[in-house]
Amino acid sequence: KIPVIIWSKSGLAPFIRDNDLGICVDSLDNIEQILSEIPPERYNEIKRNTEDVAIKLMNGDYSSKALREIEKMIETQN
């Protein structure tokens, strides 16, 4: 798993930022400079976070959570 590079205005940017999965950029013009400024410890931290989220995705954790929330919404409407 590798850190994510995403456009800062993307709909997924808050998820990437909140879960510390990579970097959000306004432009790819200076991406080489941005990447070169990330210390190895920081890169490894981001990489660990991407691995953790990948496991959650593979296990269906996010889908299960969404289904539970839908069930709660249906229960409160009845």
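Keep in mind it's a predicted model, so treat the numbers as computed, not measured.
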Ignoring hydrogens and geometry, is there a side-chain-to-backbone donor-acceptor pair from [X] to [Y] under 3.5 Å?
| X | Y | answer |
| --- | --- | --- |
| Ser36 | Gln33 | yes |
| Asp61 | Leu57 | no |
| Asn49 | Leu21 | no |

Is [X] linked to [Y] within one hydrophobic cluster, defined over Ile, Leu, Val, Met, Phe, Trp and Tyr using a side-chain heavy-atom separation of less than 4.5 Å?
| X | Y | value |
| --- | --- | --- |
| Ile31 | Ile46 | no |
| Leu35 | Val25 | yes |
| Leu67 | Tyr62 | no |
| Ile34 | Val4 | no |
| Val53 | Ile55 | no |

Between atom [atom1] of [X] and atom [atom2] of [Y], what is the distance when rounded to the nearest 0.5 Å?
| X | Y | atom1 | atom2 | answer |
| --- | --- | --- | --- | --- |
| Glu37 | Glu32 | CD | CD | 12.0 Å |
| Glu75 | Gln77 | CD | CD | 11.0 Å |
| Glu69 | Ser64 | CD | OG | 11.5 Å |
| Asp20 | Lys47 | CG | NZ | 15.0 Å |

**OP:** Among Ile16, Ile38, Ile6, find the residue that satisfies the side chain to side chain contact (heavy atoms under 4.5 Å, CB included) test when tested with Ile23.
**Re:**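 Testing each of Ile16, Ile38, Ile6 against Ile23, the sole residue satisfying side chain to side chain contact (heavy atoms under 4.5 Å, CB included) is Ile38.
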
**OP:** Return the set of residues passing side-chain contact (heavy atoms from CB on, under 4.5 Å) with Lys9 (not counting sequence neighbours), or none when no residue passes.
**Re:**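 Expected list: Trp7, Asp26.
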
Subject >> Minimum heavy-atom distance between Pro14 and Gly11, given as atom pair plus value >> reply: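 Minimum heavy-atom separation between Pro14 and Gly11: CD-O, 3.4 Å.
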
**OP:** For residues Pro3 and Gly22, report the shortest heavy-atom separation together with the two atoms involved.
**Re:**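 Smallest heavy-atom distance, with atoms named: CB-CA, 4.3 Å.
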
Subject >> N-O pairing of Glu45 and Arg42 below 4.0 Å >> reply: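 Answer for the salt bridge query: yes.
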
